Amino acid sequence: MGSKDVSSLISLLDDSDSEVAAVVMERLCAQGEEVIPWLEAAWERCSEGEHLARIERVIAQIQENATLQKLRTWVDSGAKDMLTGVFYLNKLFSPDVEFEQLSAPIQKLGQEVWMEFNEHLTALEHVRLINDAIYERGKLVGRRAVDNDRTMLLSEVLRYKQGCQMALGLLYICVAEYLEVPISGIRLPGSGMLCYRDTYNILDDASGTLFYIDPHNGALCGKPQLSNLVKKHLNLNAPLEQLLGPCKRQVLLHRYSRLLSTIYHNDGKHQLSARANRAANILGEETSF
């Protein structure tokens, strides 16, 4: 579509007929991100009113569609790294966030301990170094309350140095992946706990894990301790061995998206809640290990 056609469509957003405006908005959204510069230029020239509001809605919808498509591509290509998936989810709610705003602080955290890493370190030593980078040098603090996106979105967590268990878990995994340390979320529904994967089959354990990490503060626990806690508080249908094993990246992000949806819903932000649910649908069912 040429620039004149785009400009004509944008001018029609001011049509008094709401049905005409709705058709125009749909056509503009279908053009994708390439029309955003024209929309932004029109927005700058526009005064307050319905025309301005419609331009803003079109820009927001185009950005959402583009980010969801990138998230879908990430899933379809194998969800090979956590940071990219987390970035797309963050961008859904903070469209101005750039990848470097997340990747640079995570690389800095990893580089804090990179020189201390070597092939002779044990799994426990890996975790102690990562804990030192995140909680001591990085000054990140865990918050039990999960009632707003400031403790959920990674850009906000890095900015304000505080996050809920699940958000800090995503951060922890991103740092671990940068350092090539095998740390994942676990399959247990609703859980923010992490596990250190038993990649060398050191233990004769069906769950495939060496031990568990609480990203709220970096505390470690063994399988018996976590098993007892789970049995005490949860009524589970699936075998515990299975639920305490590592989960795929998109499974953890599906859980994270549902939690975001609940937070926005409880805060009366129903459009954002629906957006989080659309992301969760792309990420698939949480029960898909």
Side-chain angles (χ1 to χ4, degrees), residues 57 60-61 63-65 67-72 74-75 79 82-97 102 140-174 184-195 212-217 226 229-230 232-238 243-244 247-289:
R57 290 201 295 273
Q61 189 61 60
Q63 290 174 329
E64 178 185 338
N65 292 346
T67 302
L68 287 174
Q69 182 55 51
K70 290 170 184 174
L71 181 64
R72 182 177 287 107
W74 177 78
V75 172
M82 183 62 83
L83 180 56
T84 299
V86 172
F87 166 66
Y88 291 142
L89 285 177
N90 202 137
K91 197 168 181 67
L92 273 178
F93 306 100
S94 300
D96 294 334
V97 168
L102 305 187
L140 282 139
V141 177
R143 298 297 183 202
R144 294 295 182 190
V146 188
D147 53 8
N148 62 71
D149 60 8
R150 179 176 287 192
T151 60
M152 281 288 290
L153 297 180
L154 197 55
S155 59
E156 300 298 291
V157 171
L158 290 167
R159 179 181 179 184
Y160 293 103
K161 301 293 185 179
Q162 58 182 351
C164 67
Q165 184 193 48
M166 189 163 290
L168 287 178
L170 296 177
L171 172 64
Y172 204 108
I173 292 171
C174 290
S184 306
I186 64 173
R187 296 169 181 169
L188 184 66
S191 176
M193 291 291 287
L194 308 179
C195 66
Y212 299 89
I213 308 159
D214 182 353
H216 179 262
N217 54 15
L226 184 58
L229 185 65
V230 170
K232 181 178 179 181
H233 295 284
L234 299 176
N235 182 19
L236 301 172
N237 295 321
L243 293 176
L244 294 184
C247 70
K248 296 178 180 178
R249 295 179 183 91
Q250 64 264 36
V251 172
L252 189 58
L253 290 185
H254 177 275
R255 193 178 306 166
Y256 173 76
S257 299
R258 291 298 187 202
L259 181 56
L260 268 172
S261 177
T262 299
I263 290 170
Y264 285 127
H265 177 79
N266 292 342
D267 202 27
K269 299 176 180 179
H270 300 298
Q271 289 185 340
L272 296 182
S273 177
R275 189 177 300 174
N277 279 331
R278 286 191 284 274
N281 291 338
I282 289 172
L283 289 161
E285 292 299 323
E286 184 177 340
T287 53
S288 175
F289 299 157

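Start at 1 with the first residue, then count along the sequence. The structure presented is a predicted model; accordingly, all values stated were derived computationally and were not measured.
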Rounded at 0.5 Å granularity, tell me how far [atom1] in [X] sits from [atom2] in [Y].
X: Asp214; Y: Tyr172; atom1: CG; atom2: OH; value: 10.0 Å
X: Leu154; Y: Lys91; atom1: CG; atom2: NZ; value: 14.0 Å
X: Arg278; Y: Leu71; atom1: CZ; atom2: CG; value: 12.5 Å
X: Leu188; Y: Leu226; atom1: CG; atom2: CG; value: 7.0 Å
X: Leu83; Y: Phe87; atom1: CG; atom2: CZ; value: 9.0 Å
X: Lys269; Y: Ser261; atom1: NZ; atom2: OG; value: 13.0 Å

Query - Verdict with supporting geometry, Leu253 and Met82, side chain to side chain contact (heavy atoms under 4.5 Å, CB included) - result: CA-CA 9 Å; Leu253 290 185; Met82 183 62 83; 3.9 Å; yes

Member of [options] meeting the side chain to side chain contact (heavy atoms under 4.5 Å, CB included) criterion with [X]:
X: Val157; options: Val141, Leu168, Asp149, Asn90; answer: Leu168
X: Arg143; options: His216, Gln162, Gln165; answer: Gln162
X: Ser155; options: Val86, Asp96, Val97; answer: Val97

Requested in this report: Please report the C-alpha distance between Arg258 and Asn277 in whole Å, then the side-chain angles of each, then the deciding distance to 0.1 Å, and finally whether the side chain to side chain contact (heavy atoms under 4.5 Å, CB included) criterion is met.
Outcome: CA-CA 6 Å; Arg258 291 298 187 202; Asn277 279 331; 2.6 Å; yes

Query - For the student: nearest non-hydrogen atoms of Gly185 and Leu252, plus distance - result: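 Closest pair (atom of Gly185, atom of Leu252, distance): CA-CD2, 4.0 Å.
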
Query raised in the report: Looking only at heavy atoms, what is the nearest atom pair of Tyr256 and Met152, with distance?
Result: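 So the minimum-distance heavy-atom pair works out to OH-O, 2.6 Å.
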
Query raised in the report: Quick one: are Leu153 and Leu260 in side-chain contact, heavy atoms under 4.5 Å?
Result: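 SC-SC contact between Leu153 and Leu260 confirmed.
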
**Report entry** Test item: side-chain donor near acceptor, Asn65 and Gln61, under 3.5 Å
**Finding:**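 Yes, a side-chain donor-acceptor pair sits under 3.5 Å.
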
Report task. Spell out, as yes or no, whether a donor-acceptor pair under 3.5 Å connects the side chain of Ser191 to the backbone of Arg187. Result ->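 Pair absent, no side-chain N/O of Ser191 close to backbone of Arg187.
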
Report task. Report the C-alpha separation of Leu89 and Ser257 in whole Å, then their side-chain angles, then the decisive distance to 0.1 Å, and conclude whether the side chain to side chain contact (heavy atoms under 4.5 Å, CB included) test is met. Result -> CA-CA 8 Å; Leu89 285 177; Ser257 299; 3.6 Å; yes

